[in-house]
Amino acid sequence: ILFEYFKKCIMGEMNPASCADVISLLKESRKQELEEDITMSQALETYIPLQANNYSFTDNDDNKNNNAYDCYQHVIDLLIERKEEKDEQQKVIILQGKSGSGKSLFCRHLEETLWESYVNDYTTSIPVYISLPKCYNELNEKQIISQALQMKQITKEMMDVIRENISFVFILDGFDEIFDKYDKNNNNEKYFYDRFNLNEWNAKMIVSCRSLVLNDEDIDQVLIGSKNIMTPMIHLWPFSREQINGYIDKFVKMNKKNKMNDYLDWTIQQYETTLKNYPNLNKMIEEPFLLRMILTVLPSLMGQHSIGTRISKAQVYEAFNEQWIDAHVKNVVNKLSELRIQTSPKKVKFAFQQYCQDLAFEMFIQGNQVATENDYKGYENNNIWSKLDPEMETDTKYLDEKLELKIDNTKISAEKTHDIWNQYFNGDSTAKYVLRRVGDNKYQFLHKSCQEYYAAQKIIFDIISWKPNTVIVDNQQFQQQFEQHAPELSINRKLLNEELGIIQFIAERVYDINPIF
């Protein structure tokens, strides 16, 4: 009776009054996140168990003679608590894989199965999926877990209580997407576990990171760090033929349900036969995300390319993004027609494509994969420092200079970030609906590789539209003049050196235009 009174009259019915309430909130938050992120929800429907190993996959024949293990089962084995070996208990697991290898999908699948285990009393730890690009703030790294939990409706007042009373498995997804900012942040401490103050939590960590973004030295210093903490490295391997067939089976069933393309009557046999007609796609379909894209656009690709034609990765992305935008254009035009507003589908499509290129390039420049729509409450909170009353200003003038500098930097950074994204979320613009919504006011592209594709497109169009000022006699003169004007274009060699994905798209697109290049 006293607890019910405490919960209702003191805490308020909507606020968590116990650890059980916190766990219930986290479970509900996960459900809401997946309802908002339709792309991830659909991807989970076609999830195929991933294979992995303790070393990265190469195209050498030697790899074929070694058996990979089931990634999920291996992670579960590492997470099992061993009370008799508590001091040596596993705390950090690193998951690496190529772009599109299924890291984020695996993380979400792992979270789902760990929740099922908790509900069925098989485990005592609560899984929490945390998108690092969505939560990371370089000016407040130590509070990243608290910030992530607050985004899941857990109040600050509950943090100390749950630190002491709840065991967690924190699934930190997308470290590669924050590494640029993380690395440039002036901090003598390199190891992420210490930078993020993770020792404050009774938790085990799983960190996903795209291969080749961090070099060996960065991996040792940033991800592995302390010699006192065991840090296994798991490398995702490409799909086998059996996994590919299993995915095609699930895709066909999901396509009839969710209409991924207009060819709902295509059978498993049709997809398999068509794939055999384009041999160079065989390597691409070993990557889960690329396999999904190829299956989605395969019927239309067949109409554009004759049997046996070489189809590049860039052409697959072009067809997929074209189809993705066409679907959204159709929805917008239909909605406007219902309101008796006539518009040109071609103009809407062009506007959407331009929007995607500009936003993708801005994300590339800012080193941020998540764009935030102006949240007025949050914006007011960020600007609260500028509205301090005279008494408070007087009281704080003796604060440590470093603290004042950090506050000032936080204010400037917040205002600058809002100014950057404001132009992409102007008024009632419908262009944002081509993006993937990952929060109340947060958006990103369907996949990081899609952002890289559009950023590469903008750079390529900028290069193609450039013309020399004088008549060029030979290739050497053309190259010299181009190099002089390159800084004025959307090209930054230093930034491009950090974005291998964009470089690959540019190279493929140039090859498609003219193989001689």
Side-chain angles (χ1 to χ4, degrees), residues 33 36-40 104 130-141 143-144 147-148 150-151 173-174 176-182 184-185 321 324-325 328 332 348 350-386 407-459 462 490 492 495 498-499 501-502:
E33 287 173 3
E36 291 178 350
D37 192 351
I38 299 170
T39 302
M40 181 58 72
S104 295
I130 296 173
S131 169
L132 290 176
K134 184 177 170 182
C135 301
Y136 178 72
N137 179 357
E138 65 267 35
L139 299 173
N140 195 14
E141 292 178 328
Q143 298 301 316
I144 188 168
Q147 290 171 354
Q150 286 178 58
M151 294 175 75
D173 185 29
D176 56 288
E177 296 182 33
I178 67 163
F179 177 66
D180 186 41
K181 287 186 176 181
Y182 180 95
K184 290 175 181 175
N185 203 3
N321 286 306
W324 178 263
I325 286 182
H328 286 81
V332 168
V348 175
F350 178 78
F352 280 9
Q353 289 174 329
Q354 195 63 48
Y355 175 87
C356 288
Q357 290 173 23
D358 292 341
L359 178 60
F361 187 74
E362 191 66 62
M363 286 179 167
F364 160 55
I365 294 296
Q366 299 302 324
N368 196 337
Q369 299 303 313
V370 178
T372 304
E373 187 175 12
N374 194 359
D375 177 9
Y376 292 101
K377 289 182 180 179
Y379 190 65
E380 287 171 7
N381 290 337
N382 286 329
N383 284 281
I384 197 168
W385 302 107
S386 62
I407 290 171
D408 190 49
N409 285 341
T410 303
K411 172 188 167 186
I412 293 170
S413 177
E415 289 178 349
K416 189 176 180 181
T417 301
H418 276 287
D419 288 343
I420 289 167
W421 302 130
N422 271 349
Q423 60 183 309
Y424 299 101
F425 301 100
N426 187 18
D428 297 325
S429 172
T430 57
K432 69 181 180 184
Y433 296 113
V434 300
L435 302 173
R436 173 182 167 193
R437 188 181 178 200
V438 292
D440 287 341
N441 61 333
K442 295 182 182 295
Y443 298 85
Q444 61 184 141
F445 282 88
L446 187 66
H447 190 264
K448 187 176 188 291
S449 58
C450 294
Q451 177 264 328
E452 292 170 338
Y453 167 81
Y454 277 116
Q457 285 290 93
K458 182 172 176 62
I459 293 171
D462 212 355
S490 304
N492 184 312
L495 282 173
E498 300 167 1
E499 286 289 350
I502 294 179

Query raised in the report: What distance do Phe352 atom CZ and Gln357 atom CD have between them, rounded to the nearest 0.5 Å?
Result: 14.0 Å

Query raised in the report: Distance from Gln353 atom CD to Lys458 atom NZ, nearest 0.5 Å?
Result: 13.5 Å

Query raised in the report: Say you draw a straight line from NZ of Lys181 to CG of Asn137; how long is it, rounded to the nearest 0.5 Å?
Result: 8.5 Å

Query raised in the report: In chain order, what residues pass the side chain to side chain donor-acceptor pair (under 3.5 Å) check against Ser449, with sequence neighbours excluded?
Result: Tyr317, His447

Report task. Decide side chain to side chain contact (heavy atoms under 4.5 Å, CB included) for Ile420 and Asn368; before the verdict, give the C-alpha distance in whole Å, the side-chain angles of both, and the deciding distance to 0.1 Å. Result -> CA-CA 11 Å; Ile420 289 167; Asn368 196 337; over 6 Å; no

Query raised in the report: Side chains of Thr372 and Lys442: closer than 4.5 Å at any heavy-atom pair?
Result: yes

Requested in this report: Run the ring-centre check on Tyr443 versus Tyr424 and record whether the distance is less than 6.0 Å.
Outcome: no

**Report entry** Nearest heavy-atom neighbours spanning Trp421 and Gln366
**Finding:** CH2-CG, 4.4 Å

Report task. Output yes when a side-chain donor or acceptor of Asn185 lies under 3.5 Å from a complementary backbone atom of Glu138, and no otherwise. Result -> yes

Query raised in the report: Any salt bridge between Lys448 and Glu177, counting N to O under 4.0 Å?
Result: no

Requested in this report: Only counting residues at least two apart or in another chain, list the ones meeting ring-ring contact (aromatic ring centres under 6.0 Å, His included) with Tyr454.
Outcome: Phe445

Query raised in the report: What do the steps show when you test Lys432 against Tyr355 for side chain to side chain contact (heavy atoms under 4.5 Å, CB included), and what is the final call?
Result: CA-CA 8 Å; Lys432 69 181 180 184; Tyr355 175 87; 3.8 Å; yes

Report task. Classify the angle between the aromatic ring planes of Tyr136 and Tyr182 as parallel (below 30°), tilted (30 to 60°) or perpendicular (above 60°). Result -> tilted

Query raised in the report: From Cys356 SG over to Gln457 CD, what is the distance, rounded to the nearest 0.5 angstrom?
Result: 11.0 Å

Requested in this report: Would you name the heavy atoms of Cys135 and Ile144 that are closest together and state the gap between them?
Outcome: O-CG1, 4.4 Å

Query raised in the report: Quick one: CZ on Phe364 to CD on Glu452, what's the gap to the nearest 0.5 Å?
Result: 10.0 Å

Query raised in the report: Is the backbone N or O of Val438 less than 3.5 Å from a side-chain atom of Asp37, with the two atoms forming a donor-acceptor pair by type?
Result: no

Query raised in the report: What heavy-atom pair brings Pro133 and Gln369 nearest, and what distance separates the two atoms?
Result: CB-CB, 4.4 Å

Query raised in the report: How long is the span from the CG atom in Leu132 to the CG atom in Asp173, to the nearest 0.5 Å?
Result: 7.0 Å

Query - Test item: Met151 and Lys134 side chains (from C-beta on) under 4.5 Å apart, heavy atoms - result: yes

Query raised in the report: Does a side-chain heavy-atom distance below 4.5 Å link Trp324 with Leu446?
Result: yes

Report task. List the atom of Leu359, the atom of Ala371, and the distance in Å for their closest heavy-atom pair. Result -> CD1-CB, 4.2 Å

